[in-house]
Structures are given as structure tokens and as C-alpha cells.
Amino acid sequence: MNTKHPLLGVAFLVCTFLNAQEIKTGTFGKGIFNITGKDSTFTMKFAVRFQLLGFSSWKENQPADLNFLVRRSRLKLDGFVYSPKLKYKFEAGFSNRDMSGGSDDFTHGSPRFIMDAYVDWNFYKNMILRVGQGKLPGNRERIISSANLQLVDRSLLNGKFNIDRDIGFQLKHFFNPFGNVVFREILSISLGEGRNVTTGNLGGLQYVGGVEILPFGNFKNKGDYKGADLEREPTPKLAIAASYEFNHDAVRTRSNQGSYMFIDNNNALYKTNINTVFVDAMFKFRGFSFMFEYADRTADDPFAKNTDGSLTGDIVEAGNALNFQSGYLFPSNWEVAGRYTDLNMSAFTMQNSKDMYTLGVSKYIVGHKLKIQSDLSYIKTFGGTNEILARLQMEVHF
């Protein structure tokens, strides 16, 4: 399949639309254009964003590595249909890394360019039902958009333990029991194999439940799910959350992520129950921000076995990780941030545990919509090769 066709089609439609009429839009970062139906029964915001990344790494006794790439390239559509209580979001990714992992039979060999495609229905008071494909309520760092990160990219904790996106439904609820205190609850049921799988349910279903408390009220502009305190919260704001994921008969090495665990000469899939616990917190006050995360994954039987009991070599990536991240935003909109990640893989996985120390400097030109970020990391690998990683990235978000 020629993966350029979706991009060319979108570009053709946009150019045709723009040539057909003069469009006046808002300020930079508010979307390329915003459409409202004549009878106000729908809205649509069209936005494009991309990240340009350059990085170099140095490993012990190995030549230096240098690379430049389009890290992310996304098309975003959102708004409401029929009623403001029925909102939608569609996001597609067109960079090579956005579409990677789609060369198997489970996606019909097609690129995985659909990221989000869901509808949120506010059907009763503070209750919202989400149907479609989107991020699951796992660790906070994963739920934060890649456009709104405090450092160049997410941590090792996220790389190993995040549960990313899946297709199914989510039920959300929030309430204020007293004062400014806010409680949020969420329940998710999905297929459990990740995004863009077209072959139906391969194992069992994936269940995720989460609770979050904001003891001092809501953050400004949803800042509890954005990096850096760009709103410079005038009063302390804190969010504390915990969630639990149970993937029944999971068929991939990282719950709904990682490689598929084949058995019997690729004639079937190995299945085991996988459990993941997440705990996290976000604090912001007058330009200072602090984020904490913990993740722990276990499996009923992590060793993939053929029907005759012989081992296949696939192993569930079990273990735990801690993540601490903090930064301070100066009045000039320069920010200095640091992160420490402690990744502990279970010994039976035969994978290296790591410590990663990161120091970053960012310049927010138009908030997260136009920014330049850099960071320098030292990765200590236990029983492996240590690494120094330097990265420089620009984010442009229309």
C-alpha cells in the first residue's frame, strides 16, 4: 500500500477548500480554521502539528550516533456534532514512527495512521461516555499530549509500562463533594490489543479503572495534564491519581503493547493475564511544577509456552519504575527542568534495568504551540552499556 495517499488526499481537500473561499482564522495555535454549521448543529477545528528532532548518542566503546527526523506529524479535527454534549476528536499521524508497527496480519498490513477516533457523549449531568479509539487512563505522562511535554520526550517508565491507546468505551464521572475539592472516576473496557487492530478480539478484554482527586480545585486550562506551569498558578494546585489495569488473556509482551507472543510455529497466540498499577501526582504553583509517577506490571505466567510446554522465548516485560520530574518557568518563558527515572525490570525478563538522569532547557515562544526544547541525559544500564543522549526539538502547532 502506498502510504502517501492519505496525506495527498488531505492536502488536496484542504487546498480545494481554501481556494474556494477566503478564510479568516484566529491567532496562531488556535487551529488553521474553525467551522460552525449554519444552524449551529456542528463545529470543526482543523489543526496540524509537527515536531522536528535532532539527537546524538554516545555509548561506551561504540561510535557516536547522529540522526535527524520528523518525530511526529499530526492532523487533528475536533468539535461537536448535533449538540455540544456530543463531542468528537479525530487525530492521524503521518510520520514514519507514528505509522510503525502496522506490517502484521492483525492490521491487514496497513499503516497505523489513525491515532484517535472517538465520540464523547455527556449523557447525564457529570457523566460522559466515550466510544471509539483513544488513550486509556493509565499513567499521567502518557495521557499528556506529546505536544504538551515538559521535556523533549517521555520517560523510560512510559516507554516500558504505558498502555497507550485501544478501542472500546470509557465511562467518566466527576463531582465536587465540598469546597474546591474535585473527584474524578473513570472506567475503561477495550479489546486489549492496542490501536488499529482489524481482526477482532485476539485474547480477552482489557479493563482499566482509575480515581483522581484535586484537593485544591481544578488547574487553569487543564494544566494537570500539561507539562510546565505556563499558567503560573497563583495558588497551589495538586492532582493525585491511581489506576489499575487488568488485561485478560493478553497476547502481547507489554499488555496491549509490545510484540505478539506466538506459539506452535506461529499457528496460535500465547495468552496470560497481565496486571498493571499506576500511581501519579502533579503539583504546580507560580511557575514551579513537579510530577511523580510509579508503575508496576505483573503477569500470571510471564513465560510464553507452546501447547507441549516448551518455551518460545517470549517473556512478558514485567517490573516496576519510578519517575520524578520538576521544572521552573522563568518570567522570560525559559524553563529549566530535570527528570530522574528508575527502571527495574524483573530478572526473568533478561532485560536491563536502568537509571536515567535528564536535564532540559526549553523556550516557550507561544506556549506549547511554538517552542524549542533541548535536553541532555545520562542512562546508566545495569549489566549493559551506559549512554549519553543529547536532543534538540522544535514543536509547531497551528
Side-chain angles (χ1 to χ4, degrees), residues 5-50 72-94 98-99 110-137 143-148 165-174 184 186-191 195-196 198 218 220-223 225-226 366-370 396-398:
H5 287 171
L7 263 180
L8 293 175
V10 171
F12 175 77
L13 289 174
V14 172
C15 291
T16 301
F17 187 86
L18 292 177
N19 288 332
Q21 56 184 304
E22 179 182 359
I23 297 177
K24 293 184 179 180
T25 186
T27 57
F28 174 79
K30 301 296 183 180
I32 295 178
F33 59 81
N34 295 267
I35 300 173
T36 301
K38 288 184 178 181
D39 56 358
S40 298
T41 56
F42 81 94
T43 63
M44 176 182 289
K45 183 174 74 173
F46 178 98
V48 173
R49 56 174 285 245
F50 57 88
R72 294 176 176 91
S73 179
R74 304 279 174 86
L75 163 68
K76 300 174 65 177
L77 304 173
D78 62 76
F80 71 81
V81 289
Y82 184 67
S83 164
K85 291 182 177 292
L86 197 61
K87 298 180 179 179
Y88 69 90
K89 180 185 178 184
F90 175 83
E91 181 171 347
F94 297 106
D98 282 334
M99 297 190 294
S110 301
R112 305 189 310 157
F113 62 83
I114 298 177
M115 312 297 288
D116 295 316
Y118 61 77
V119 174
D120 281 345
W121 178 28
N122 184 192
F123 66 94
Y124 179 74
K125 293 184 178 180
N126 298 337
M127 301 191 72
I128 298 172
L129 176 66
R130 173 173 294 181
V131 180
Q133 178 173 286
K135 292 181 180 179
L136 300 180
I143 300 173
I144 294 175
S145 169
S146 57
N148 298 327
R165 294 172 166 90
D166 213 319
I167 188 164
F169 73 85
Q170 300 180 22
L171 182 62
K172 302 180 180 182
H173 176 257
F174 67 92
R184 300 172 181 160
I186 187 168
L187 172 66
S188 169
I189 301 178
S190 58
L191 290 181
R195 61 185 176 93
N196 295 322
T198 60
N218 286 313
K220 287 186 176 182
N221 196 23
K222 300 180 180 178
Y225 284 93
K226 293 181 181 179
V366 186
H368 285 294
K369 304 298 184 180
L370 180 61
V396 181
H397 191 155
F398 290 94

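The structure presented is a predicted model; accordingly, all values stated were derived computationally and were not measured.
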>> Nearest 0.5 Å, please: how far is OH in Tyr118 from CD in Glu91?
In response: 8.5 Å
> If every non-hydrogen atom of Ala92 is compared with every non-hydrogen atom of Met115, which pair is closest and at what distance?
Replying inline: C-CG, 3.9 Å
> Roughly how far, to the nearest 0.5 Å, is the CG atom of Asp166 from the CG atom of Leu191?
Replying inline: 6.0 Å
>> Would you say that Phe123 contacts Leu171 through its side chain, given a criterion of any heavy-atom pair below 4.5 Å between the two side chains?
In response: yes
> Does the pair Asn148 and Tyr225 meet the rule for a side-chain contact (heavy atoms from CB on, under 4.5 Å), with working shown?
Replying inline: CA-CA 8 Å; Asn148 298 327; Tyr225 284 93; over 6 Å; no
>> Rounded at 0.5 Å granularity, tell me how far OH in Tyr82 sits from CH2 in Trp121.
In response: 11.5 Å
> Has the side chain of Gln170 got a donor or acceptor atom that lies under 3.5 Å from a matching backbone atom of Lys135?
Replying inline: yes
> Taking it one step at a time, do Leu86 and Phe80 satisfy side-chain contact (heavy atoms from CB on, under 4.5 Å)?
Replying inline: CA-CA 6 Å; Leu86 197 61; Phe80 71 81; 5.6 Å; no
>> Between Asp116 and Arg165, is the salt bridge (charged side-chain N to carboxylate O under 4.0 Å, His left out) condition met? List the steps.
In response: CA-CA 8 Å; Asp116 295 316; Arg165 294 172 166 90; 2.9 Å; yes
> So which heavy atom on Ala47 is nearest to which on Gly31, and how close?
Replying inline: CB-CA, 4.2 Å
>> Measuring from atom NZ of Lys45 to atom NZ of Lys30, what distance do you get when rounded to the nearest 0.5 angstrom?
In response: 7.5 Å
> Are the side chain of Asp120 and the backbone of Lys87 linked by a donor-acceptor contact shorter than 3.5 Å?
Replying inline: no
> Of the non-hydrogen atoms in Phe28 and Val396, which two are nearest, and what is the gap between them?
Replying inline: CZ-CG1, 4.3 Å
>> Looking at every heavy atom in both Ser145 and Arg49, which two are closest together, and how far apart are they?
In response: OG-NH1, 4.3 Å
>> Applying the salt bridge (charged side-chain N to carboxylate O under 4.0 Å, His left out) criterion to Asp98, which one of Arg74, Arg112, Arg195, Arg72 satisfies it?
In response: Arg74
>> Quick check: closest heavy atoms across Ala117 and Ile114, and the distance to 0.1 Å?
In response: CB-CG2, 4.1 Å
> Taking all atoms of both residues into account, what is the closest heavy-atom pair of Leu129 and Phe169, and its distance?
Replying inline: CD1-CD1, 3.9 Å
>> I'd like to know whether Phe42 forms a side-chain contact (heavy atoms from CB on, under 4.5 Å) with Ile35, so could you lay out the CA-CA distance, the side-chain angles of the two residues, the decisive distance to 0.1 Å, and finally the verdict.
In response: CA-CA 8 Å; Phe42 81 94; Ile35 300 173; 4.0 Å; yes
> Taking the side chain from Lys226 and the backbone from His368, do they hold a donor-acceptor pair closer than 3.5 Å?
Replying inline: no
>> Using 0.5 Å steps for rounding, measure from the CD1 atom of Ile189 to the CG atom of Leu136.
In response: 11.5 Å
> Hey, what do you get for CZ (Phe33) to CE (Met44), rounding to the nearest 0.5 Å?
Replying inline: 7.5 Å
> What class does the angle between the rings of Phe398 and Phe50 fall in, given that below 30° is parallel, 30 to 60° is tilted and above 60° is perpendicular?
Replying inline: tilted
> In this structure, are over 12 heavy atoms from other groups packed under 6.0 Å from Phe90 atom CZ?
Replying inline: yes
